[in-house]
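If you're wondering where the values come from, they're calculated on a predicted model, not measured in any experiment. For reference, positions follow the sequence shown, starting with 1. Whatever order the structure lists them in is the order used to number ligands and atoms, beginning at 1.
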Amino acid sequence: MAEKSKSHESTAHDLPDLHSVFEAQKRIEDVIWETPLVDSPAVARESGAAEVLLKLESLQNTGAFKVRGAANKILGLSDEDRSRGVITFSTGNHGKAVSFVSGKTGIKAVVCLSEHVPAYRVQKIRDLGAEVEVKGHSQDEAEEHYYQLMESRGMVPVVPFDDPAIVSGQGTIALELLRRRPDLDMLLVPLSGGGLLAGIAMAAKSINPNITVVGVSISQSPAMLESVKAGHPVAVEEKDTLADSLLGGIGRENYYTLPLIQKYVDQHVVIDEAEIEKAMVYAYIQHSLVIEGASAVGIAAIQSGKVAVAGKRIASVISGSSVDPAAFLKVLQKHVH
Ligand SMILES: *Cc1c(COP(=O)(O)O)cnc(C)c1O
């Protein structure tokens, strides 16, 4: 997509398409890794699925898929925009991804964080290459500081999901999946702001309209699902969760991920905390994988029987590995005897 405007100034919000996903794949190939797709026979057997495959974005560069979208956005900028530098305010995997890509390419990046973000996280983002601005007592105040800096320094915003370049970057996962396994019947994708699901659903359904794409939300923060039901963005109350990467709303104004999810996603399921714990333990016991709660929801959707899987060939996106060690240990202690 030829994207000139840096914000939502233009009135036409053309949705990204399969072509922009192929362009993204080419653009980001030196920065990301093609992640393994591993067979998970135990859950297939238990559930009656023909096959369950795990797409291990938890082993992606920086520990989550977010680097795909961030790389596509940043590497697609004009020379002029590159020289202005980029800015974001995410504490989590998106902040790491933006910092990593900018560090790798020598493009200046600023990540705005609140004073409450733990020091080890601040350090991790800084180590990857970005300049970190710690200011404000809450995420909202950090966001306010982000807007001020964006204006005063003229930096280019890199938002976490509602941007065609971000969506197209995340969609490259579908290209890897369907090139390896064109016979897949169903994809299970964790859902928060929807960049991951929108990109994968749009790309996969454009290649094979018969594939079933399922969005997996958490009961503690199902903002996109409630927005799909309402037909417009709605905010939901957020509660504590092991799947902290799935917290957050979809934006008061949403131009890309909500329309794409409305258009391409076949089905939605909602997973609770106990189901997330069980799926994290499964990944550890069966595969020696440490995955974060957000990554486990696809496995949980199968284990819980909330999605009809009998006889199907299924791929579940394991989206990231960034779990607090103490929280992970607690889950193991509770379930492993
Ligand atoms: C960001 C993130 C998600 C959700 O992606 P969205 O594009 O916001 O829906 C899922 N899992 C992990 C590990 C993430 O970092």
Side-chain angles (χ1 to χ4, degrees), residues 16 35 54-70 72-73 88-100 121 124-125 158-174 187-203 213-218 220-228 233 236 238 241-251 254-258 260-261 264-265 268 270-271 276 279-280 283 289-301 316-324 327-328:
T35 51
L54 308 180
K55 177 64 170 163
L56 299 183
E57 287 294 302
S58 53
L59 302 180
Q60 182 55 268
N61 209 341
T62 74
F65 71 89
K66 290 260 185 1
V67 68
R68 294 174 183 265
N72 191 40
K73 175 71 181 183
T88 191
F89 63 94
S90 157
T91 61
N93 290 324
H94 177 67
K96 272 198 274 179
V98 169
S99 183
F100 170 75
R121 281 206 176 190
K124 201 159 196 175
I125 291 174
V158 180
V159 301
F161 54 87
D162 200 34
D163 179 305
I166 299 290
V167 168
S168 299
Q170 323 304 31
T172 58
I173 294 169
L187 306 180
L188 298 173
V189 185
L191 174 55
S192 177
L196 180 64
L197 178 61
I200 289 178
M202 175 267 285
V213 181
V214 182
V216 190
S217 301
I218 50 168
Q220 306 305 84
S221 179
M224 181 59 83
L225 177 54
E226 292 305 319
S227 302
V228 168
V236 298
E238 292 180 14
T241 176
L242 262 169
D244 52 293
S245 289
L246 300 185
L247 288 170
I250 71 161
N254 181 299
Y255 299 104
Y256 303 101
T257 60
L258 176 58
L260 284 166
I261 286 170
Y264 290 109
V265 174
H268 289 269
V270 180
I271 296 306
I276 292 171
M280 287 172 79
L289 281 174
V290 176
I291 65 173
E292 58 177 289
S295 295
V297 296
I299 295 171
S316 179
V317 177
I318 308 300
S319 46
S321 62
S322 167
V323 60
D324 173 48
F328 188 73

- prompt: Looking at atom 8 (O) of ligand 1, what's its closest protein heavy atom, distance included?
  reply: G193 N, 2.9 Å
- line: For G195, the atoms of ligand 1 under 4.0 Å from one of its heavy atoms are 6 (P), 7 (O), 9 (O)
- prompt: Does ligand 1 have any atom sitting under 4.0 Å from a heavy atom of L197?
  reply: no
task: For G320, take its heavy atoms, then give the atoms of ligand 1 lying under 4.0 Å from any of them.
output: 13 (C)
task: Give the residue and atom name of whichever protein heavy atom lies nearest to atom 11 (N) of ligand 1, and the separation in Å to one decimal.
output: S319 OG, 2.7 Å
message: Evaluate L196 for polar contact with ligand 1, using N/O atom pairs at a separation under 3.5 Å.
response: yes
field: Per-atom contacts, ligand 1 versus E292 - under 4.0 Å to a heavy atom
entry: 13 (C)
query: Of the protein's non-hydrogen atoms, which lies at the shortest distance from atom 5 (O) of ligand 1, and what is that distance?
result: F65 CZ, 3.5 Å
- prompt: Minimum heavy-atom separation for A70 to I166, with atom names?
  reply: N-CD1, 4.0 Å
Identity and distance of the protein heavy atom lying nearest atom 9 (O) of ligand 1: G194 N, 2.7 Å
task: Please identify which atoms of ligand 1 are closer than 4.0 Å to at least one heavy atom of A294.
output: 11 (N)
task: Can you see which heavy atom on S321 is nearest to which on S58, and at what distance?
output: OG-O, 3.3 Å
task: Would you check if the side chain of H268 reaches a backbone N or O of M224 as a donor-acceptor pair within less than 3.5 Å?
output: no
- prompt: So which heavy atom on P190 is nearest to which on L196, and how close?
  reply: O-CD2, 3.8 Å
query: If only atom types and distance count, is the side chain of E57 paired as donor or acceptor with the main-chain N or O of T35 below 3.5 Å?
result: no
query: Would you say the side-chain atoms of E292 pair up with the backbone N or O of S322, donor to acceptor, closer than 3.5 Å?
result: yes
query: Quick check: does any side chain N or O of E238 sit under 3.5 Å from a backbone N or O of S221, one acting as donor and the other as acceptor?
result: no
- line: side-chain contact (heavy atoms from CB on, under 4.5 Å) with L191: of I261, V265, L246, V297, only one passes, and it is I261
query: N93 heavy atoms, cut-off 4.0 Å: which ligand 1 atoms fall inside?
result: 13 (C), 14 (C), 15 (O)
field: Closest approach of any protein heavy atom to atom 1 (C) of ligand 1, naming residue and atom
entry: K66 NZ, 1.3 Å
field: Nearest non-hydrogen partners of T257 and F161, listed with the distance
entry: CG2-O, 3.6 Å
- request: Using a strict 4.0 Å cut-off to heavy atoms of L246, name the atoms of ligand 1 that fall inside it.
  value: 3 (C), 4 (C), 10 (C)
